[in-house]
Chemist: 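Have a look at the structure that comes next, please.
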Number of protein chains: 2
Amino acid sequence: MSSAKPESKKAQVRAENTRRIISAAEKVFAEKGFSGGTTQEIADAAGLPKANVHYYFPTKEGLYARVLDDILEEWKSDAEIFDTSDDPEVVFRAYIRRKIEHSFTRPYASKVWAMEIIGRGHVFEDQLKASFLKWNRKKVSQLRKWIEQGRLAPVDPQHVMYAIWATTQHYADFEHQIRAVNNGKPLSRAQTEKAIESVIQLFLQGVMPRQESAPIRSWPE
Amino acid sequence: MSSAKPESKKAQVRAENTRRIISAAEKVFAEKGFSGGTTQEIADAAGLPKANVHYYFPTKEGLYARVLDDILEEWKSDAEIFDTSDDPEVVFRAYIRRKIEHSFTRPYASKVWAMEIIGRGHVFEDQLKASFLKWNRKKVSQLRKWIEQGRLAPVDPQHVMYAIWATTQHYADFEHQIRAVNNGKPLSRAQTEKAIESVIQLFLQGVMPRQESAPIRSWPE
DNA sequence: GTCTATAACCGGATAGAC
DNA sequence: GTCTATCCGGTTATAGAC
C-alpha cells in the first residue's frame, strides 16, 4: 500500500544489496587478490551472511567478473574529454587529472584491474578484451590524427596511452610504496595536486630544461 | 676423492636446488598471486617433490619473502648508471632502457613486486621498506641536485621516479593487456625497441611539438 | 637429503528450515 | 529472501621410511 508496485520494494533491496556486495568485493579483491579474498570476508564487509552473497552471486568467479566489468566502465568514462574537446593539450590535462583523481578516490578499482591483468587475466581475455580493444583503438586514432596534424610530437600514440595509464594508475596501485616514501602518511590534498601537476608537466614538456633565451642548442653531445 | 671437500658437493646441490625453487616460485607467484600459487605447483615447476620445497623453505611465506628480496636487488642494480654518470640525459636514457629491457627478459619479478605492493604489502613493510627507502632517497637527491644546477626542469624529482617506475614496469606488469592490443602476439624485438624509444622521448621531450625555428615563445598562457 | 603418506585445516558452495 | 549448519575438495605442513 505504501508503494504502488509491491515488486519495486524488493527490487530496491536487491539493487542495494547487489551494490554493497560489489563494493565490498572490490575492496577485498584489491587487498587480497582473487584467491586470497574469501567470500566470508566479502560478506562481512557487506554486512551480510555468507549465504546471501552466494544467493546474489552464485560463484565467486562471477562476482569477480562483475567487479571487473564495472571497472572497465570507469576507465571509459574517465576518457569522456576525448569526445568533448579537440585540443590535445586540454585533453591531456583533463584526462590525466581525472585518472589521478580516481586513483585517490577509488583506488580499489585500479588495484583489482591491475591484479587481473598481471595474473593470467582470464576474465579480461574472455569477457572484457573486445570492448577494451575497441575503446582503445578509438582513443589511439584520435592521438594519431593530432600527430598527423602536427599538433602532437611524432611519438607512438599507443605507447603514449600506455604511459598515461601507467603513470596515473600508479598512484592507486603503488599506494603502499608511495605512502612509505611519504613517511607512512597518505598524500595530502596539496600533495595530490602536486602529483597531478608533475605528471601533466611530464607529458606536456618532459623533464629537460627549456632554453628560453637561447635559440640555438647550448648542450653539446 | 673426486672433490677435496666432501661438503662442497652437497653445498652445490643445495645452491642449485635453492635457485631453482626461487625461480619457479617467482613464476608461480607472478601468475597466481601469493594465495593462488600452490607449493605443489612451485615444486612441479622446479622439478622436485613438494616435500623438498618445504625442506629448503619451511614456509610458503618465507619463500615468498626470499623471492621479493631478490627482486629488490634487481631494482637496485638497474640503477647502477646513477653511480657511473653525472649526465642527466645519459642516466635517463640508460636507466629507462635497462628497466624496460628487464620488463621483457624477467617479467615475473616485476609482477610479483607489483602484486606485493598492491596487496597489503606485509613483506615490503616488514623487511624491505627500510632498504628501499634509503636507496630511493639517494636517487631522488641526485635528481634534485641536477634540478638545482638547472640541468633538469624544475619538476618534483620523486614524482619523476614514480613515473619512470610506472612506465617501465608497465611493460612487464600489463603484458597481457599489451599483447591483446598487439593482436595476441608478444612484442617483437623491433617493437620493444620502439617502446624504449617512446618512453625515453616522453621523459626527455614530452609529447608537445617543438617549434624548431621559433626562438621566442609562441604558446600564450 | 629425498620421497610417500597423511594429518590438520580452511574455503566455496549448498541444503533446508524459516 | 534470509540464515544456520554442513559437505567436500583442496592446501599447507609434517611424520617417518629410505
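By convention in this document, chain letters (A, B, ...) are assigned in the order of the sequence lines, proteins followed by strands, and residues within each chain are numbered from 1.
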Chemist: Which of the following nucleotides, dT2(D), dT4(C), dA13(D), is nearest to the side chain of Ala51(B)?
Modeler: dT4(C)
Chemist: Expressed in angstrom and rounded to an integer, what is the separation of Asp44(B) atom CG from dG10(D) atom C1'?
Modeler: 15 Å
Chemist: Could you check Lys50(A) against Leu48(B) and say which one's nearest nucleotide on DNA chain C is further toward the 5' end?
Modeler: Leu48(B)
Chemist: Using the side-chain heavy atoms of Tyr56(B), tell me which of these nucleotides is nearest: dT2(D), dG1(C), dT14(D).
Modeler: dG1(C)
Chemist: When you measure from every atom of DNA chain C, which of residues 34-41 of chain A have a heavy atom less than 4.0 Å away?
Modeler: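 Gly37(A), Thr38(A), Thr39(A), in order of number.
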Chemist: From the set dT4(D), dG1(D), dG1(C), return the single nucleotide nearest to any side-chain atom of Arg14(A).
Modeler: dG1(D)
Chemist: Do His159(A) and Tyr171(B) have side-chain atoms, one donor and one acceptor, less than 3.5 Å apart?
Modeler: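 The answer is yes; a qualifying pair exists.
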Chemist: Thinking salt bridges, do Lys111(B) and Asp173(B) make one under a 4.0 Å N-O criterion?
Modeler: no
Chemist: Answer yes or no: is there an ion pair linking Arg98(A) with Glu101(A), defined by an N-O contact shorter than 4.0 Å?
Modeler: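 Answer for the salt bridge query: no.
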Chemist: His54(B) has an atom NE2; how far is it from atom C1' of dA7(C), in whole Å?
Modeler: 13 Å
Chemist: Does dT2(D) have OP1 or OP2 under 4.0 Å away from a side-chain N or O of Tyr55(A)?
Modeler: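 For Tyr55(A), the contact criterion (side-chain N or O under 4.0 Å from OP1 or OP2 of dT2(D)) is not met.
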Chemist: Between C1' on dG11(C) and CD on Glu61(A), what's the gap in Å once rounded to a whole number?
Modeler: 15 Å
Chemist: If the plane angle is over 60° it's perpendicular, under 30° parallel, otherwise tilted; pick one for Trp113(B) and Phe132(B).
Modeler: tilted
Chemist: Output the residues of residues 15-30 of chain B in contact with DNA chain C, where contact means a heavy atom of the residue under 4.0 Å from an atom of the strand; sort by number or write none.
Modeler: Asn17(B)
Chemist: Using the side-chain contact (heavy atoms from CB on, under 4.5 Å) rule, pick out the option among Thr168(A), Ile196(A), Thr167(A) that qualifies with Lys99(A).
Modeler: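 So, applying the side-chain contact (heavy atoms from CB on, under 4.5 Å) to Lys99(A) and each of Thr168(A), Ile196(A), Thr167(A), only Thr168(A) qualifies.
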Chemist: Could you give the CZ-to-P distance, from Phe57(A) to dT2(D), as a whole number of Å?
Modeler: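 Distance check: Phe57(A) CZ to dT2(D) P gives 13 Å.
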Chemist: Indicate yes or no: does Glu193(B) engage Arg97(B) in a salt bridge with an N to O separation below 4.0 Å.
Modeler: yes
Chemist: Compute whether any side-chain donor of one residue and acceptor of the other, for Thr38(B) and Lys32(B), lie under 3.5 angstrom apart.
Modeler: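 Checked: Thr38(B)/Lys32(B) side chains show no N/O donor-acceptor pair below 3.5 Å.
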Chemist: To the nearest 10°, give me the bend of the helix from dG1(C)-dC18(D) to dC18(C)-dG1(D), comparing the axes of its five terminal pairs at either end.
Modeler: 10°
Chemist: Can you identify which nucleotide, out of dC3(D), dA13(C), dC3(C), has its nearest atom closest to the Pro49(A) side chain?
Modeler: dC3(D)
Chemist: Do Asn182(B) and Gln158(A) have a side chain donor and acceptor closer than 3.5 Å?
Modeler: no
Chemist: How about Asn17(A) and Tyr56(A): does a side-chain donor come under 3.5 Å of a side-chain acceptor?
Modeler: yes
Chemist: Is there a donor-acceptor contact under 3.5 Å from the side chain of Gln142(A) to the main chain of Lys139(A)?
Modeler: no
Chemist: Under the 3.5 Å rule, do the base of dG11(C) and the side chain of Lys60(A) count as making a donor-acceptor pair?
Modeler: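 By the distance-only test, no, there is no pair.
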Chemist: Are a donor atom and an acceptor atom from the side chains of Glu116(B) and Tyr64(B) found within less than 3.5 Å of each other?
Modeler: yes
